[in-house]
Amino acid sequence: MSHILITGANRGIGARLAELYAVTGDTVTATARSGDGYAALDVTNPASVKALASAMAEETVDLLICNAGIYPDKGQALEDGYPSDMWAQSFATNVTGVFLTVQAFLPHLMRSDAPKIAIISSQMGSDTKAPGGSYIYRSSKAAALNLALNLAADLAPEGVAVGAYHPGWVRTDMGGDGGDIDVAQSAEGLIREFDALSLETTGCFRTWDGRDHPY
């Protein structure tokens with residue numbers, strides 16, 4: 001059995017991932033900003049990240065899934081939208097929060113025989129998908145993808161595999177009702193991809209349905 005730590009596990013894809021891993025008998029630490037039945041973790045708050053890492057100081061984490069994310073700029077107008085505080089909030093969650101979580105839980109991962117980090121990015125962060133709009137979300141997910149690649153390079157000598165993943169256009173509060181797939185399809189596919197992640201494939205950018213995605 002493995003120990004899986006999931007950020008943003010109170011809804012959507014994160015919640016479904018937590019449910020599926022629990023069914024297989026793995027130990028799951030499902031986190032949420034508010035707590036409320038989850039391990040309290042606000043990825044934008046360094047003190048919160050350090051507090052959870054300290055509380056789990058003696059534990060091993062085999063797979064860290066950095067799933068927490070926000071998309072506040074949907075529908076913003078170029079002419080008068082995208083305020084500076086929206087940029088700051090988005091990058092604090094989608095990029096800095098990923099880094100702080102990885103940094104804090106590296107000691108826990110290093111205890112594992114085959115440690116892995118899965119970072120949920122998006123095809124909206126790919127250079128090949130730039131139709132305009134959603135500037136903040138696209139920029140933050142591009143940064144998360146870049147972060148994953150650099151972490152993969154630095155952590156490979158330490159035996160830690162890192163992958164970035166496009167979860168699909170999912171019918172969630174974030175993705176909207178027009179998505180291509182439901183939460184269950186995305187989560188099941190992502191788990192298959194996480195299982196396949198290794199030092200041989202570290203630095204990958206994969207889709208939920210098993211395809212390499214161009215950066």
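What you see below is based on every heavy atom in this structure, not just the backbone, and it leaves out hydrogens, waters and symmetry mates. Along the sequence shown, the residues carry numbers beginning at 1.
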* To do: Would you please test N150 and N146 for side chain to side chain donor-acceptor pair (under 3.5 Å) and show each step?
  => CA-CA 6 Å; N150 282 284; N146 184 273; 2.9 Å; yes
* Go through S48 and D42 one step at a time and tell me if the side chain to side chain donor-acceptor pair (under 3.5 Å) criterion holds. => CA-CA 6 Å; S48 175; D42 179 353; 5.8 Å; no
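We find that R206 and D212 are joined by a salt bridge, their nearest charged nitrogen and carboxylate oxygen being less than 4.0 Å apart.
With T7 as reference, N67 is the one residue of L52, T93, N67, V98 to meet the side-chain contact (heavy atoms from CB on, under 4.5 Å) rule. The residue from I120, I13, L190 that alone fulfils the side-chain contact (heavy atoms from CB on, under 4.5 Å) condition with W208 is L190.
At a threshold of 4.5 Å between non-hydrogen side-chain atoms, the residues L100 and T44 do not count as touching. Here the side chains of K129 and Q123 are in contact, with some heavy-atom distance below 4.5 Å. Side-chain atoms of Q89 and I136, non-hydrogen and from C-beta on, never get closer than 4.5 Å to each other. Side-chain atoms of F205 and I119, non-hydrogen and from C-beta on, never get closer than 4.5 Å to each other. For the pair I65 and I4, the minimum side-chain heavy-atom distance is below 4.5 Å. A 4.5 Å side-chain heavy-atom check between I117 and F105 finds every atom pair outside the cut-off. In this structure, Y71 and M124 have side chains that are in contact, with non-hydrogen atoms separated by less than 4.5 Å. Contact of the M56 side chain with the H3 side chain is registered, since non-hydrogen atoms from C-beta on lie closer than 4.5 Å.
Counting non-hydrogen atoms of neighbouring residues, nucleotides and ligands closer than 6.0 angstrom, the CG atom of D113 reaches no more than 12 such neighbours. Residue-environment remark: CZ (R211) stays at or below the threshold of 12 foreign heavy atoms within 6.0 Å.
Counting only distance, with no hydrogens or angles, the side chain of T24 and the backbone of Y21 share a donor-acceptor pair below 3.5 Å. No donor-acceptor pair under 3.5 Å is formed between the side chain of D62 and the backbone N or O of A114. In terms of modelled atom types and a separation under 3.5 Å, the side chain of E188 and the main chain of Q185 share no donor-acceptor contact.
In this structure, Q76 and P83 approach most closely via the heavy-atom pair OE1-CD, 3.5 Å.
Taking the six-membered ring where the residue is Trp, F194 and Y165 present perpendicular rings, their angle passing 60° and hence far from 30°.
Criterion: ILVMFWY side-chain heavy atoms under 4.5 Å apart, direct or through other members. Under it, V160 and L63 are not part of a common hydrophobic cluster.
In this structure, the separation between CD1 on I6 and CG on L41 is 12.0 Å, given to the nearest 0.5 Å.
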